[in-house]
Amino acid sequence: MPELPEVETIRKALEKQITNKKIIDFHIGNKKLRFDLPEKFKQLVIGQTVMKPLRVGKFCLLPLCSGKNILIHLGMSGKIKITTSKTKLDIHDHAIIEFDDGTFVIYNDQRRFGFLDLTEENIFTNKFIKKLGPDSVSKKFDAIYLFNILKYKERNIKNILLDQSIVAGLGNIYVNEALHLSKISPNRRGKNISLKKCYDLIKNIKTILKNAIKAGGTTIKDHMQPDGSLGYFKQKLRVYGRSGCKCIMCKATIKEIKQSGRTSFYCGVCQR
DNA sequence: ACTTCGACCTGTTGGC
DNA sequence: TGCCAACAGGTCGAAG
């Protein structure tokens, strides 16, 4: 589910609601998430004050005063809910963090592809964080970097951009969107993309992500902001989920194909 | 080293 | 109406 803009939306809400608050209880549901919690997770987080939440790729981090960080990945269907009242739990509420002022942060994940972890002080020693490429909205993710990677790749650009070890934060929606805006076919091989096109692509990826963050992310089905409101970027999607509809640039019909098991949407006229 | 594929889960949708 | 297959915003690890 959540790609960078959805995770960033959640991070911002957490920043507003829990920064400098102390964890007084932690409860984990009986259903397994993708991975088990680290040993002693509970005792290492209770009593800790949370500092300003961070985001790395599709991960959200809650830095603790001990130096460790709670690492959150939302998988495909994960949500964060923030409440101030003890409401009835949903069957997919898998972790509940209680704060000293009565705020609750609830981790809910219907499909349980997501997970929680605890990192050391240096987050880059964490097994999940250390294999990520530069963040999609960072300066490190620039045209030269991308071009140097692409020039050896036989693989299609769609799958390259989904690879979190190359660039962190992009998922299926925004890769489709960025390729359409950049007029690049998802079938194009990495090595056949020029440096000039890389400049375009980088600029467009960042523009799309920033606009999506402003809109609170994209709600197709599952995503919601921690206060329960939706993400409004869906109304601005150019190709994702629009097969059979007209291309907004040239009026040709948007096509749908499968690439490594995932759906891609594109315009065969604009995108080459 | 590079790439694809199956597996992990639950819920919804569309075809018959 | 009911059943079943296919599919969904992700990613790990095995296999080719």
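The chains referred to below are lettered A, B, ... by the order of the sequence lines, with proteins before strands, and numbering in each begins at 1.
Nucleotides C:dA5 and B:dA7 are separated by 16 Å at their P atoms, to the nearest Å. Nucleotides C:dT1 and B:dG11 are separated by 22 Å at their P atoms, to the nearest Å.
Comparing C:dG10, C:dG9, B:dT4 by their closest approach to the side chain of A:F113 singles out C:dG10. Across B:dC2, C:dG9, B:dT4, the shortest atom-to-atom separation from the side chain of A:N159 is found for B:dT4.
A:T218 comes within 4.0 angstrom of a nucleotide base, judged by non-hydrogen atoms across all strands. Contact annotation for A:G261: no contact, since no heavy-atom pair falls under 4.0 Å across all strands. A:D109 comes within contact range of no nucleotide atom at all, as no heavy-atom separation falls under 4.0 Å. In this structure, A:Y152 reaches neither bases nor backbone, as no heavy-atom distance under 4.0 Å exists between it and the strands shown. A:K32 comes within 4.0 angstrom of nothing in the nucleic acid, heavy atoms only.
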Exercise. At under 4.0 Å between heavy atoms, which parts of nucleotides 11-16 of chain C does protein reach? Answer with one letter per nucleotide, 5' to 3': B base, S sugar-phosphate only, - none.
Key: BS----
Self-check item: Test side chain to side chain contact (heavy atoms under 4.5 Å, CB included) applied to A:I46 and A:F26, step by step
Solution: CA-CA 7 Å; A:I46 291 178; A:F26 177 86; 4.1 Å; yes
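Judged by distance alone, the side chains of A:K258 and A:T263 do bring a donor and an acceptor atom under 3.5 Å apart.
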Quiz prompt | Per-nucleotide pairing state of DNA chain B [Watson-Crick or G-U, under 3.5 Å; [ ] pseudoknot-crossing; | other strand] | solution = .|||||||.|||||||
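For A:K40, the side chain to side chain contact (heavy atoms under 4.5 Å, CB included) test picks out A:Q43, A:L44, with sequence neighbours left out.
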